[in-house]
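Here the structure comes first, spelled out in structure tokens, and everything after it is commentary.
Positions are given from 1 along the sequence.
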Amino acid sequence: MKKKIFHFSIRSLIFTIGAAVLTLILSIVSNFWTPLGGLDNKINDSIFQHESQATKEIYIVGIDDATIEKYHSYNAVEYRKYFADILNNWASRNAIPAAIGFDIIFNSAYGCDEVDVELANAISKHNVVLGVNGMSRTEAPYGLSSTIQKSAKAIGYVDAITDSDEAIRKTYLKGEGYDSLAYSIYSMYCQNTGQTPNDYIKRTAYYFDYFARPELNYTGDGKVQNVMSGFNYISLADLIEGNVRSIRNAKNSIVIFGSYASAVDTGLSNDIYNSPIGEMFGVEVQCNVIQSLMNDRLYLGIPNYLYTILNVIVIFIIALSMTCLAFYLGIAVFGVGIGIEFVILFIAHSAKTYYFISLPILILIVAFVLVIADHYYSEYKHKKEVIGTFKRYISPDVAEALVDKDEDAMSLGGRKRNVACLFVDIRGFTKMSEELTPEEVVDVLNGYLEMATNQVFRFGGMVDKFIGDCVMAIFNAPVDLDDYVFKAVCSAYGIVKEGKAICDQVKEKYNKKLEFGVGVHFGDAVIGNIGSKTRMDFTAIGDTVNTASRIEASAAGDQVLISKDVYEVIKDRVKVIDAGDRMFKNKKEPITCYEVVDIIGYDEFPKDVKHKGKIATLNLDNSKNNEAIKQNESEATEL
């Protein structure tokens, strides 16, 4: 029987609703608490953050270790003179960049009035943006030299936002009082090149792309040697010495002054940060933000309400599909769910939205693991139920083999198979049951049935049913059995031979003669669960079964009769006596039968039986006997 591809159940719906509710709660909470933020960043970094072509319009002037070696550690007064000389030199050459930014704080406490005036005059000739601390301030930041500030076109805060891994991925662009250094430089650049700057939301963090990073070659003492930046780079020492006189195409360029020194004794604060593409100085970070602004490559985090709705819808559909579809289709749906999340990630990125993918993927994985666990638990439970059921008919090892082979063993329906069918019953049982008490009859019957069952199991057969004192067994069903015709005859022979011990006990205890008649035939029969959905039996039906029953009915006490068809298959391994032709009901032709008197190789079969129940023995203490019966039944039906 084929399993349904789609099966809806209340259990599936409850599981799906639970997954959706969990998603709803976690999505809302993620707006305030982001334990998976680091994983989200790593995923986005690996997919979208890669070095690419840096713009040629941005120049970095670095106060690097080479400058420190030539002109000593950073001294505010001395270096402000250098900056003034450089700016005056550019002005004299009419090399006025579209925007100049200083990622350096000109604190009033470290300057002198004369030098500050000189620098202010030089700054006034250019389009300068001064870096300051204090993004949250709405007025001029504390400590900035007012003389220098008044000469600048704008100021911008240089505050950095770092994630849990100390990397910078996002920045505030606009504040209440003044904007960030990068956005102020970008705005001035657009103003002086005839462009309209893009507007952004105040006090809102934007994720940005990285385009370039420096290659920092450190010396043994921790200094940076041979600076190589993805952006145009000029050492401040080269400008001071006149090795670089001015900026090419200055009117369309951006120049940013900043720290490029790594040594701790430079007089500069540590300005090295982590980024998704590697370690870099703060001035490099500013350049990457500016290029993101120029290329319109900034991303807002997805709104929480939209994030929540998307997650709930996707998780609900995928979870319901995984639980309702056939198992292997459910696995495919899980893969589709992961794929959908990455499609959403790419769509969001193209729409300039930063999507947090780790939460829905984690929920999908948890749901998937639970579905897998539930599937295997259900399979295990079903297998135990099937084995428990078939242990009543066949030995436990055959029952397990059957379940492993046929997952639909408990389904309603039948299949045509070639089998050997055995019938056995007690001769004169009706008369004997009239002469013994009911308890004694049960005692005799249970001992006989246990013996017959074990002989069937011994040779790999299946006990189909007990019909009063009659036992019906089939061989080569429900699993394949080698040499099943011969083994069926061995089982029949064993019932008579091994049953003599029970016959002797009955004679001794009850003074009753006990004899068995056995018949075996083989051919095609329909094997399977036959009946209704509420009551079914695993059995065999067909002419083969009827013929075996007729042969058994004609057998004398302690006689094993086989049909000619059976004899022709095993005649080289048995000794028989011709029992003549016998006419049976509903048969047009007589059937030749043979009595088996010996079997070559019978004693080679092991006598131990892999049967979980205990072999019942005749016991006059009926309370103990009934206890043994109950234990047999309990163990036979154990799940």
Sub-4.5 Å side-chain heavy-atom contact between F211 and C287: no
Verdict with supporting geometry, L364 and I315, side-chain contact (heavy atoms from CB on, under 4.5 Å): CA-CA 7 Å; L364 281 175; I315 297 300; 3.6 Å; yes
Criterion salt bridge (Lys or Arg N to Asp or Glu O under 4.0 Å) on K42 and D163, from CA distance to verdict: CA-CA 11 Å; K42 294 299 182 184; D163 290 318; over 6 Å; no
Of T308, N311, N304, the residue whose pairing with S27 passes side chain to side chain donor-acceptor pair (under 3.5 Å): N311
Neighbour count above 12 (heavy atom, 6.0 Å) for H50 NE2: yes
F48 vs F346 side-chain heavy atoms within contact, under 4.5 Å: yes
Check: D209 main-chain N/O paired with R297 side-chain donor or acceptor under 3.5 Å: no
Flag side-chain contact, heavy atom, 4.5 Å: I551 against V520: no
Gap separating the CZ atom of R573 from the CD1 atom of I599, nearest 0.5 angstrom: 9.5 Å
Any donor-acceptor pair under 3.5 Å from Y206 side chain to I201 backbone: yes
Any donor-acceptor N/O pair, R458 side chain to F605 backbone, under 3.5 Å: yes
Under 3.5 Å donor-acceptor, D469 side chain and I426 backbone: yes
From CD1 (I527) to OG1 (T539), nearest 0.5 Å: 7.5 Å
L300 versus A205, closest heavy-atom pair with distance: CD2-O, 3.8 Å
Within-4.5 Å side-chain heavy-atom neighbours: L293 and F208: no
Whether S275 side chain and I168 backbone form a donor-acceptor pair below 3.5 Å: no
Modelled atom types, side-chain donor and acceptor of Y307 and N31, under 3.5 Å: no
Side-chain heavy atoms of T453 within contact of V471, under 4.5 Å: no
Side chain to side chain contact (heavy atoms under 4.5 Å, CB included) partner of I357, chosen from I344, I47, I43, L39: I43
Worked verdict on D480 versus R417 for salt bridge (Lys or Arg N to Asp or Glu O under 4.0 Å): CA-CA 10 Å; D480 293 336; R417 287 180 68 91; 2.5 Å; yes
Distance-minimising heavy-atom pair for H521 and T544: CD2-O, 3.8 Å
Derivation of the side-chain contact (heavy atoms from CB on, under 4.5 Å) call for D199 and K174: CA-CA 9 Å; D199 196 16; K174 301 186 70 176; 2.8 Å; yes
Pair Y273, E284: side-chain N/O donor-acceptor within cut-off below 3.5 Å: no
Ring geometry between Y484 and F522 (parallel below 30°, tilted from 30 to 60°, perpendicular above 60°): perpendicular
Closest heavy-atom pair and its distance - M462, P478: SD-CD, 3.6 Å
Test applied, side chain to side chain contact (heavy atoms under 4.5 Å, CB included); reference residue, I318; option that passes from I363, V333, T323: V333
Expected output: side-chain R169 to main-chain P276 donor-acceptor under 3.5 Å: no
Y299, Y354, Y355 screened by ring-ring contact (aromatic ring centres under 6.0 Å, His included) with Y207, the one that passes: Y354
F459 ring center within less than 6.0 Å of F475 ring center: no
CA sep, side-chain torsions, deciding dist, call: N44, L345, side-chain contact (heavy atoms from CB on, under 4.5 Å): CA-CA 9 Å; N44 278 274; L345 177 68; 3.6 Å; yes
Closest non-hydrogen atom pair between L481 and G460, with its separation: CD2-O, 3.6 Å
Exam field: side chain E51 to backbone I277, donor-acceptor pair closer than 3.5 Å: no
Side chains of V289 and L173 in contact at under 4.5 Å (non-hydrogen atoms): yes
CG on L36 to OG on S30, rounded to 0.5 Å: 9.0 Å
Residue pair V545 / A540: nearest heavy atoms and the distance that separates them: CG2-O, 3.7 Å
T547 side chain to D543 backbone, donor-acceptor under 3.5 Å: yes
Distance in Å, E279 CD paired with I272 CD1, rounded so as to fall on 0.5 Å steps: 5.0 Å
Sidechain-backbone polar pair: Q291 side chain, Q53 backbone, donor-acceptor under 3.5 Å: yes
C490 SG to E604 CD distance, which is reported to the nearest 0.5 Å: 10.0 Å
Atom CG of D296 with >12 non-hydrogen neighbours under 6.0 angstrom: yes
Greater than 12 external heavy atoms within 6.0 Å of F6's CZ: yes
Side-chain touch F368/I331, heavy atoms, less than 4.5 angstrom: yes
Evaluation steps, side-chain contact (heavy atoms from CB on, under 4.5 Å), between S358 and L362: CA-CA 6 Å; S358 59; L362 177 63; 5.9 Å; no
Aromatic plane relationship, Y183 with Y200 - under 30° parallel, 30 to 60° tilted, over 60° perpendicular: perpendicular
Evaluation steps, ring pair (Phe, Tyr, Trp, His ring centres under 6.0 Å), between Y602 and F486: CA-CA 10 Å; Y602 170 81; F486 178 66; 9.1 Å; no
Gap separating the CZ atom of R213 from the CZ atom of F281, nearest 0.5 angstrom: 13.0 Å
Minimum heavy-atom distance between L298 and K352, given as atom pair plus value: O-CB, 3.5 Å
Any S491 side-chain heavy atom under 4.5 Å of L422 side chain: yes
Short side-chain to backbone donor-acceptor contact, T16 and F316, under 3.5 Å: no
